[in-house]
Every structure is written in C-alpha cells, then in structure tokens.
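First comes the structure, then the notes that go with it.
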Amino acid sequence: MEENTKRKLVFAINGRRFKLSKVDPSTTLLEFLRSETPFRGAKLGCGEGGCGACVVLLSKYDPSNDKVEGHAVSSCLTLLCSINLCSITTTEGLGSQRDGFHSIHQRFSGFHASQCGFCTPGMCMSLFSALVNAAESERPDPPSGFSKITASEAEESVAGNICRCTGYRPILDACKSFAADIDLEDLGLNSFWKKGDKGGSNVDKLPRYRPEGVCTFPEFLKAEIKSSLVDSTVGRVAQLDIANKSDLSSSLEHSWHLPVSVKGLYGLLKEFEGRRIKWVVGNTASGVYKDYDQYEKYIDLRCIPELSMIRKDDKGIEVGAAVTISKAIEVLREEKSVVFTKLAEHMKKVASQFIRNTASLGGNLILAQRDRFPSDIATILLAVDSSVCIYNGSETIWTTLEEFLTRPKLDFGTLLLSVRIPNSFQSTEMNLVFKTYRASPRPLGNALSHLNAAFLAEIFDHNKSEGVVLKNLRLAFGAYGNDHAIRAKKVEEFLDGKSVTASVFLEAVRLLRVTIVPREGTSHPSYRCSLAVGFLFDYIRPFCEQLQEPPRNIGNPNCNFNKYDVASSCKSNKIENVGELEHSKEGVSLLSAKQVIKFSKEYHPVGDPIQKAGAEIQASGEAVYVDDIPSPSGCLHGAFICSTVPLAHIKGIEIKSSFASQKIVSLVSARDIPKGGTNIGSQSMFGTELLFADDLTEFAGQPLGLVIAETQRFANMVANRAVVNYETEAIESPILTVEDAVRRSSFFEVPSFLFPKQVGDFSKGMAEADHKIVSEIKLGSQYYFYMETQTALAIPDEDDCMVVYSSSQCPENVQIVIARCLGIPQNNVRVITRRVGGGFGGKALRSIPVSTACALAAYKLRRPVRVYLDRKTDMIMAGGRHPMKVNYSVGFKSDGKITALHIDLLINAGISEDVSPIMPHNIIGALKKYDWGALSFDIKVCKTNLPSKSAMRGPGEVQGSFIADAILEHVASFLFVNADIVKEKNLHTYESLRLFYEGNAGEPVEYTLPSIFDKLASSSSFVHRVEMIKQFNIINKWRKRGISRVPIVHQVTLRPTPGKVSVLSDGSIVVEVGGIELGQGLWTKVKQMTAFALGRLWSDGSHNLLEKVRVIQADTLSLIQGGFTAGSTTSESSCEAVRLSCNVLVERLLPLKKRLEEQMGSVSWDTLIQQASLEAVNLSSSTHWAPEFSSMNYLNYGVAASEVEIDLLTGATEFLRTDIIYDCGQSLNPAVDLGQIEGAFVQGIGFFIHEEYLSNSEGLVVSDGTWNYKVPTVDTIPRQFNVEVLNSGHHKERVLSSKASGEPPLLLASSIHCAMREAIREARKEFASYGGFKGSSPTPFHLEVPATMPVVKELCGLDNVEKYLESLISSHSTGNGY
C-alpha cells in the first residue's frame, strides 16, 4: 500500500510499538519476530503448531470494560496481519539477564528444567499464559509467592509442548512450584533447597512470583485504541475501519481484507473472482494442510458479527463459526448440563491449548466437511443433534450437522455462519447417559484419534426380568478412515426399545462391524473397527445385568487398588445419577517422583548439583542458536529439493511458476561444485556420501539441489512444488529391505578390529541344553526429533575463505568436508558452533551435508546463505536409528539357565557407510549383559537404497540390550516361569563378566550390577507389587497390569579431546573444549572442573572460581582436533583435558603465589593474576588429552523396574511407575546426570512404545511431521518416576571417579516394553479363556517395537468383546454362569 495511507498495521511486542505500512499478508508472527525484531526467543520447531516452541502470549484490549485478555498462541501459524492492535509478549518480555529474570526463568533454571534449551522459551510462555489466565479467575487469592493456578492446571499448561531432552519431570516441577495446592516437599531436586535442609522447602526460598510484574498490554496501545473508537457502545475500533478498503500489504497482488458484514464479504468475493483467496480466522488449518504458494487475497472473517456471536436461549447455545474452540469450551462449561459439560471436557482434548485459543469451531467443521479432517468436534456434536447455519450468497439455511457433513464439498460461495447445540435433552437428564470417547496416543490431546465416538441414550428402568431399556440412541463415530463422522443408525434402530442382554448386544456388535468400514488405504482398519466395538461395549456394559462381573476370589480381600481400580458397574435399580457416569480413565493423574542422590564434596565444586550453565538465558530467549544469529546484509536462504524415488536417472528439475517462484535467486546442484572440488556431503572413517545426486538418484530423500530464495519461506515453498522428471528404464530394482540385500549380496564391510569376538563353544552349549527355541525379532527405526532442525549459516570472507556457523556435533568434520567440496585448504574454512538445540547423534554426520550445501551456495553466489530445514525435509533426510532383523537360536536348562545363544543379524544401513560398521560391536556389547554360556553370531551390515542410517543415542546398544531381554522373556514364557527369575539367574558373575567383556570389566568392586539389581527390588517393593498385580489381574477383566525389572551393561569408549584454559588479566577465565554443548551439561561440568583444578592453588578450598569461568564456542581455527561429541564420554574427556591444562597453569602460578605469600601474607586470585600478567607468566595452556589404551573402555550399570496398565478395549497403555538405579560412579554433577538419566529413559519410551518412523513402498519417509510422528509428552511418561543416582565410590581409572550418563539409561526404557509384554500375556490368557486364539496357545507372541496402541490391541484380541459375549451367552445357556 502507499506510504501516505492512514491504514497501517499497529501492534506492540514486549511493550515496543510497531507500525507497518507494507506487509506481506502471508507473513507469520514468528517469521516477523525472528527476522524483523531482536526478539528471537520464540523458536521454529515444526511450523505446524505441534511442538510449542513458538508459543507467545497474545493480548487484546476491550475498551468497553477496560479489560485485557491474553492467551497463548502458536506464532508459527498466527498471521501477522491478524494481530492489529494486539500486544504480543515473548519470553524476553518477561525478563532478561540485564533487567532481571522472571521467576519463571529462574525456576526453570533452578529446577534443572532446561537442557538443550530450544523448547524452554515456549514452555515458559505456555506456563506464563496459564498464570495470567488463573490470575483473572475469581478464585480466592493464594498465599504470598504462589499463583491461583492449580497443580493439575500447571501440568496441563505444557501438555502441548514437546521437550526431547529432560523427560519432563523437572519441567513439571518448575510449573507446579507456582501452584498453592502443591506440597513443595513433593517437588524434585532443585537449587533452592536440599532435602533435609533446616527450614526445608519454603516458598520464600523460591524466586518471588509477582502476578503484576509483567505488563502484557502497554498503555500507549490502550490509548490508541480508545482514541480510534468507532462506536463506543460496542467497543468497535479502528481495525474495523479497514474493512472493504485497501489492504495492509506491500502490493495490490497480495492483500488483506477485513469485512464487517456478510454482505461486505460477498462483495469482496465478487470483486476477487478468479483470484486465489484464503479465508482466515486462526490460520491453524495451515498446520495440517500446508500453504505451498501464496494467496492473492486474504480475507479475515473475525469481524463479521454473525460469525463471532454467542447466543443462548431455551433451545440451546448458538456459537458463531469464528468463535474459538477455547471460547466454546468456556461457554459450554457455564451451563450446568451433563451434555454441555461433557462436550467441553472432550473439546479440551482437541489439539493443544495454544491451538484451541485461535482455532475456530466452524473452521474445524469445515475441514471435516471439505478435507476429510478426522475431527473429534464433528463427532461429538453429531451425537447431540447439532445443526448448522449456512449462507450461500442468497439465503440462510439451517440444516442438521449430519446433512451438512454429507453435502458436496463447500466452495467459497458458501459460508458457515454458526453452530447450534440443542439443550432438548435437559428435561430428561436424570435418565440420560452421554459419553464421549477417543483413542489417541496422547491422553491430554495434541494427537489425532484412531477413532472417536459419542453416545447418547435415554435409560428406562423396567422390571427386573426385563432390565434396563435404551431409547432414542445416538451413536456417532468418526476419524476411523471415513469421509466424515457418521451415525450408526442401523445399530441405533436395533437397540432402541430393547432390554440389553448379551445376545442382543452381540447382534448389535455384528451390525456395527459392517457399519464401521474404513476406506481402502487406511492404516490399522481392523483396529479401528475393534475400537468402535470396545467403546460401545464400555457404554452399554453398565446397563446390562449379564455383563456385570461377579467378584472373583483374589485370595486377599483386603487389597486396595485405589484410583486404578476399574469403576464398579452401575447395578442399581435406580438410574438417578447415570448421567454422571464417566469413563474409568478420564484424566491423567499428577506426576509424582523421588530422587535419591548422594553429594560428594571431595572435589568441590565438582560433584555439586549446580544448575546448568546458561539455563536462565535459554529460558529468557537470550541464548543464541545458529538460526538466532541476525542475517548479514544480502543474506539468502536455501531449501533442499529431494528425490521422491529410490533409484532413477534424473532427467531434469522443473520449478513450477508461482508467486513464490518469483523470489528465486538460484538453484545450486552438483554442477556448481567448483573446479578442484568434490561432490561430497559427508565423510566418516568408513566412507563418504554425495552432497547432491548428479545424474542418478540412489534413494528417496536424496538431495538433488538447493533452491536459493530471498526468504526461507519462499525457498521452502518453491522446493516443495518442484517437479523432478525421472527415468527408470534399464535400471535394476532398488534394494529396500534387508532381505533384498541378502538376495543380492549388498553389504558393507566391517573392519576386523571392530567386529566383536564370539564367546565359548556354541555347539557344546547347545548340546548341554534341555530345551531349544528358534525365533525372530524385528526392530524399526526412530527419528531424532531434535527440537532445532538442521541449520547452518555460511558467510564468504576475504581471501577465498568461508565462515560457517553450524549446528553440529562435529564441527571439525564439517570443516574437512566443506574444504574438500570447495577445493580449498581447511584453513580457509572456519566452522563455529556455540550450542546445539538437541543432537542425539543426528547432528553429527547428518549435519554435514546441510552446512556443506550452504557453503557451496555462498561460494557460488558470493553472498551469505543460510539454511534452516523445515521439519518435513529434516525427517525425510535424517535417516535415523538402524532398523534390523534378528533370528536367534537359544539353548537353556529347565531351570532357565542359558547354555548357548546364536543370532543372525541383518542391519539396514541405508545407502552409505556413515557409522554403520560400528553397529555389530555396539549391539553385541549390550547383548552380552547376560551370561549366555556360549555366544555366536553372524552379522551383516546391509547396503540399501534408503537414506543413510546414523548414530542415534545408544546406537546399537539399545537394540542389543532389548534383544537380550526379549530372548530371556521368551525362555521364561516357554518354561512358564517369571521372567525376572530367568534374568536374575543369568546375570554375570564377575568371572563371566571378565570372559564376555575381555579387558573392560574393571576391578571386582566396580561390578555393581548384582547389588543394584537386588537393591532396586527392595527400594521399589518389587516382589510385593508382583503379588499385588496378580490380584489386580484376577479382579479386572478389561484392564491388565504388568511389571518388569531390566538390567543393563553399557560399554563406553573415551576419545582423545582437546582443551584450552586462558586466564585474562582481570582474573576471568576463558575455556575452550573440543566437545559441543548439546544440552548434556558439558559446559557446566567443564566450568566446575576448571574451578576445582585452579582452586587447588589454595589447599584450604577458600577460593571458589566458578563464577569467573566462561566456556566459549567451538571454533575449528582456534582449537583443532575437536572430534565428535558423541558416545556419552565427551563431557568427562573434556573435563580431563581442562584439568590437565589447569595443572600446567597451577605449576606456573604456584612459585609466584608462594613468593607473594612470603611478601604479603594471603594472596587473592585477582592479585595473583595481576602480578602474573606483569611478570609475563604464560596464562594460557592447552592440552590434547588421549586416554590410555588400557582404560579407554569401561562398563556402566543400571537397573529399572516399570509397571504398566493396559486397556484391553483400546490397547492404550498407562505407565504407572518406574524406578531406576543408575551407577554414575562419583558424579561430576548429580543434577546434570539426573537430567540425562530421566531424559534418556523417556526418549527410550518413544522408541519402544510411540514413535513410528514409516516409509512408503518407495522408501520415502511418510512420518514427516508432528501430525504423524508422536514423541513422548507430559501425559505419556511414568506417573510415578523414581530415580537413584548411585555414587558407587572410587574408580581410579575414571575422570575423578565419574562415569557416563548420556546414553546408557535409554536402554532401561525396555523395562516398559517388557512390562507391557507381561500385561499382554495376562490379557491373552483372559482372551483364551473365552475361546480366543482358536485353540492355539496364547503365550508365545512377539510384541513389536514400537508397541503402539494398534499393536497392543491386536495381541489382546481384536474381537475380544465378541468372544467374551459368545462365551457369556454359551455359559448362560448351559446354566454354568461364573
């Protein structure tokens, strides 16, 4: 628009006024924050509203009542033009290092709730939003220092936020510390108090919370709104004055319009006929259905009164289509109706809070109607006879929601005005039963349903012979792979007026099964149909006398299962309160946890649980990640075009003409590699990988080129719309499976020095066996899901040099590969890495192609270029954890003692070696945790036409440890004994440990596994709980529990690492290390080690130098030979390198100190350094530490016991409790190591239970975003989570007696999987008791990894309800009963 126009976009960010006259209407709030303001705390994690990294507070002011309302929003979806006259608060607006941190920042830091820190600003803002909303409530004022928020609300406030590092427990503790209803003693380890301190936990020890401390809406913006009032009686303001006039954009081609009436809207539609138009309310649909090009016209519907009204009358509630889901929930809750209350409860599980705050009710229904979106809201509203009002341009039409959903897809000529939810059931509520259901991998929402349902019926109590009769049923189902939610009318008609018996219900189930038919191509169709049956069974069961379960003899009538008991069925002849019946697992209980830690002062401050270095600036958004670095002048942006087929010739790449394509600057490909350079994108000790495919693409997901555009958004749009022409003639078929690789002998060589040694005589061991088992195990892949995707910034420098900022775990390797690609010396390439927003192995070799492509583009164009992969591209290119197939033969005695094991192992490595040749060593190393008698194996590393698999936290070890437990559990099942007995029987003695881990077993005193195995049994009451679970499983038919105890032995290797310590003239200390800060606390431990080592100048420990130490970024031209940050040992290696450097400085300073003491008496550090500077003492020392060969490998030990409960109707699993004891040696920092233990364990839960990293038939990853890849969240972790960090004393060969903690605890998560196997075994026995499995044994079964809900349900019986009913009918017909 023209500069002189009066219509400008005005808003505030953190109290700062912004006034814009030129705006691209497709610009998101997040894009503006990160590119046009200094506020970069909000992060781009997914671009889908699925992770919470970008959450900010959006506040609006209503001048009619002088009230400010604020709510959390996802800034990656919120369009900038939609925030006119609003105020935005980011985490920087709460506080800062210079102005003072907010109590949220301080508590997140003090509760050790930030590791990599990338998610922390979003977490802080989600919590802050909840605190703001609680403060506006009418609840009584809380005690000083607390807020009005409840502990449950505090936990739920971050339910939509993802953290990949911490395991959530410390985050929840930080959030709950603001709740007045929490007992502070129940909160976990923190830096504010220690357990047992005098005075204990006290709110006065916490950073003070002051509700009034942050101004969320500045006075100048209020004044501006008041001064521009159009109608003071209704509070309409100047933002409405833009309606039907010119735009808020930079050109007439792309404009934003804000009509204030339906008539005005249709006038715009007529004016813009033939243009690409986007209707906007909350823009949350773009998180599901991506915008791969710009629209020409944007029409904001929020100011049309008919779309924003809420009307209540005796007929019900009418809600405008533009009303947000959160507002709809609030309105429904105000009504004291069972139906409305239940609708509100269910809607709270739709998406996450920061999405519901902007997503509209009507928008959700439009997506369901037009795009087959699997809407929960459509289903539950359908069940209560809701209707909708639509306008077609000439008339207003009321129609039922059911008819609306079945209409042809709505076009832009039809407008959904409102939704009416009737209260026609109000008069019959005493006889009304309304329940809603959803089967989803996350109980609190933020995940689509496998199936949703809502049932409503009137209940009439006839005489005892007839029982309860159901009338006026409404049975709605949705999200099961159909076009839209439906009513199961044949089932309704069949059940209506009938007294429900087992035989009647069985017939209803058969009708239901032919009704719920997912369309072809739907995942898990049989499971979804089974869910429908299970939900209806749960609904009907209380009203059918035959379905009531008589008490079973449990042997202990006094046992009490508290809240986990299955709710007793409704048997009363009176049905007065049936309307209040709830599903037995409606909510998620508060997390409880206990930490047992022994602190050591021997090497103070090493060993102190100090908070992580930089945690507060991570929380406040001031910590700088690669994408936070301001773009240099003239900076361009890149996005990869990737192959979508596995093996084909590339005939050409066509860039489709679009608005976004006009912003293209260049396309960089293999042809742009300079003379003397090499087409190389990655390099390991085993081989290299191409940067770009040249004429032949070898796998789906292979980079073909890099689109360079003016902004990252335009680059992404163009890359996603690129059309690649392929030719597959005369090309052999691709190798996509390990079976294909075996048939075609496609393998990578494993160097002999890395190949593990076999143990004992397998033939002899098998001959000694009483029994033998042959079986197979398959393990899938896992995606890293670091919160910060792969990113780099390359800046050309003088003299043909290149400076690259890379988010990498191995900057040295990035430097090497870039130099080779560009054909320049390595000293012309400077790679800088300050911190990484999560790595887990994925930022090691897999980060190199991104940095190299970025550098190549900058080299070609002689301009700065940056790349920040969108989540989809990152997931397609990442590779992830190695899938594998295992066949095993095991021999064992009748008492469970193993005599011999042989495994045939096929590892899918993908297209290049990467680090795959180390996998056999790692897998067998973890598998050896048990004494197998004799162990032999045949392992092949398969080359396939898939993205290269790479190291991911615990690479190979997690699979090897799991395989070992799966084999022993199979043995136990064969012998009909408890698996725990078999595991204990096969634990190593020290002698067998030395045999299996030749040279690495350490001293006998270091072998702590047997003792902690026993210790955990005692501390977790394991034996008692086993008995309790047996009784629980006898009592409960439809819920089963299992418990399992799992040991681990994890071998790690120390690597050579450099360190440099420099003391500046003012006494401050600068440290450089080869290791990269990934969130694992490396900098924190290094600071502690530096302070300890230099503090030795004073033998009395009087000088604490901790606050003088700063660890700085890695720079490949400053500190060379940095190597990899991987394998869990980089922190201790870096600490040792620093300690040795400090020792050199101490030797230099000690003579001077003694001389000064003789002259002056006591000498301070500052005085010592000043004098040293004057005397030209060298105050810098560097060391390249290399471990001695005899001690570079050592073993880590840990044990976990986990208890789970599975729902046999849905396959859902609740993790009730986990207890862990992990041997950390003498921890360098117990708080950091505790965080590593918890975080690794929860990441392991993801691998074993939730995360499906799936590809299509061409090998192209289809689990490519937060919509279809589900990592653990706050509601999917153990509800009781107890961890003991064992201080096992002195280990003379270790760095200050410490041991690794980053990766080994991940292996312990298999205890969850093993416990699920135990629960499923009980479920299968139950299923077999009423005719399941058709006579075959229920006990031999394979539980897949991941053990998702469909997997669990299938093992428990997809037809378990029908079999139960059939057995019940048969039992009653023969008069046997129970």
Side-chain angles (χ1 to χ4, degrees), residues 686 738 747-763 765-766 775-779 881-891 898-909 913-942 949 951-968 970-971 983 986-988 992-1002 1009 1046-1053 1127-1128 1192-1198 1300 1303-1304 1306-1307 1310 1345:
F686 306 111
V738 290
F747 307 118
F748 290 118
E749 183 180 351
V750 178
S752 58
F753 74 91
L754 277 176
F755 205 85
K757 294 181 179 179
Q758 308 203 21
V759 181
D761 185 335
F762 174 73
S763 299
M766 289 299 278
S775 192
E776 178 181 284
I777 299 171
K778 289 184 178 180
L779 294 168
R881 197 181 290 282
H882 290 75
M884 57 191 65
K885 177 182 177 182
V886 185
N887 290 94
Y888 63 86
S889 304
V890 60
I898 309 298
T899 59
L901 171 67
H902 175 81
I903 66 169
D904 293 303
L905 180 60
L906 300 175
I907 303 168
N908 195 329
E913 294 93 337
D914 199 276
V915 298
S916 297
I918 70 168
M919 293 296 289
H921 170 271
N922 290 7
I923 292 168
I924 297 302
L927 182 91
K928 288 178 179 179
K929 68 179 184 178
Y930 293 117
D931 179 2
W932 301 105
L935 175 63
S936 68
F937 38 80
D938 180 35
I939 304 176
K940 291 180 171 61
V941 179
C942 302
K949 305 304 174 183
M952 181 173 179
R953 200 174 195 172
E957 292 100 345
V958 65
Q959 294 100 324
S961 185
F962 170 78
I963 292 166
D965 286 307
I967 293 171
L968 288 195
H970 194 172
V971 169
K983 291 174 187 175
N986 289 284
L987 287 180
H988 282 292
S992 65
L993 185 77
R994 290 183 63 190
L995 176 64
F996 276 75
Y997 293 96
E998 185 179 358
N1000 301 322
L1009 184 59
V1046 167
I1048 62 163
V1049 178
H1050 188 288
Q1051 179 175 308
V1052 297
T1053 301
S1128 301
M1192 66 186 300
N1193 299 312
Y1194 66 89
L1195 304 179
N1196 293 271
Y1197 308 109
E1303 293 176 291
L1306 188 144
L1307 282 56
S1310 67
V1345 174

Using the side chain to side chain contact (heavy atoms under 4.5 Å, CB included) rule, take V890 and V971 through it: C-alpha gap first, then chi angles, then the decisive distance, then the call. CA-CA 8 Å; V890 60; V971 169; 4.1 Å; yes
So do [Y] and [X] actually touch side chain to side chain, heavy atoms under 4.5 Å?
X	Y	result
V1046	L1307	no
F755	I939	yes
K778	P883	no
I924	I903	yes
I907	Q959	no
F937	L927	no
Y1197	V1049	yes

What do the steps show when you test M884 against M919 for side chain to side chain contact (heavy atoms under 4.5 Å, CB included), and what is the final call? CA-CA 11 Å; M884 57 191 65; M919 293 296 289; 4.1 Å; yes
Using atom types as modelled and distance alone, determine if a side-chain donor or acceptor of [X] lies under 3.5 Å from a backbone N or O of [Y].
X	Y	result
N887	D904	no
S1310	F962	no
R881	R953	yes
T899	G933	no

With sequence neighbours excluded, residues passing ring pair (Phe, Tyr, Trp, His ring centres under 6.0 Å) with [X]:
X	result
Y1194	none
F996	H988
Y888	none

Tell me whether the count of non-hydrogen atoms from other residues, nucleotides or ligands lying under 6.0 Å of CD in E776 goes above 12. yes
For E749, does the CD atom have more than 12 heavy-atom neighbours from other residues, nucleotides or ligands under 6.0 Å away? no
Hey, what do you get for [atom1] ([X]) to [atom2] ([Y]), rounding to the nearest 0.5 Å?
X	Y	atom1	atom2	answer
D931	N986	CG	CG	6.5 Å
C942	K885	SG	NZ	10.0 Å
L995	W932	CG	CH2	14.5 Å
L935	D761	CG	CG	12.5 Å
I918	H882	CD1	NE2	8.0 Å

Any donor-acceptor pair under 3.5 Å linking the side-chain atoms of H902 with those of S936? yes
Under a 3.5 Å threshold, yes or no: a donor from one side chain and an acceptor from the other, between K949 and S916? no
What pair of heavy atoms forms the shortest contact from [X] to [Y], and how long is it?
X	Y	value
L754	H921	O-CB, 3.3 Å
K929	A964	CE-CB, 3.9 Å
S961	P1047	OG-O, 4.3 Å
P917	V750	O-CG1, 3.5 Å
V941	P920	CG2-CG, 4.0 Å
A1001	L993	CB-CD2, 3.9 Å

Can you sort out the partners of D938 under salt bridge (Lys or Arg N to Asp or Glu O under 4.0 Å), two or more places apart, ordered by chain and number? K940
Test salt bridge (Lys or Arg N to Asp or Glu O under 4.0 Å) applied to K983 - qualifying residues, sequence neighbours left out: E969
Who pairs with D914 by side chain to side chain donor-acceptor pair (under 3.5 Å), at least two apart in sequence or on another chain? R846, S950
Pair Y930, I898 - check side chain to side chain contact (heavy atoms under 4.5 Å, CB included), show working. CA-CA 9 Å; Y930 293 117; I898 309 298; over 6 Å; no
Starting from the C-alpha separation in whole Å, work towards a yes-or-no answer on side chain to side chain contact (heavy atoms under 4.5 Å, CB included) for V1345 and I777. CA-CA 9 Å; V1345 174; I777 299 171; over 6 Å; no
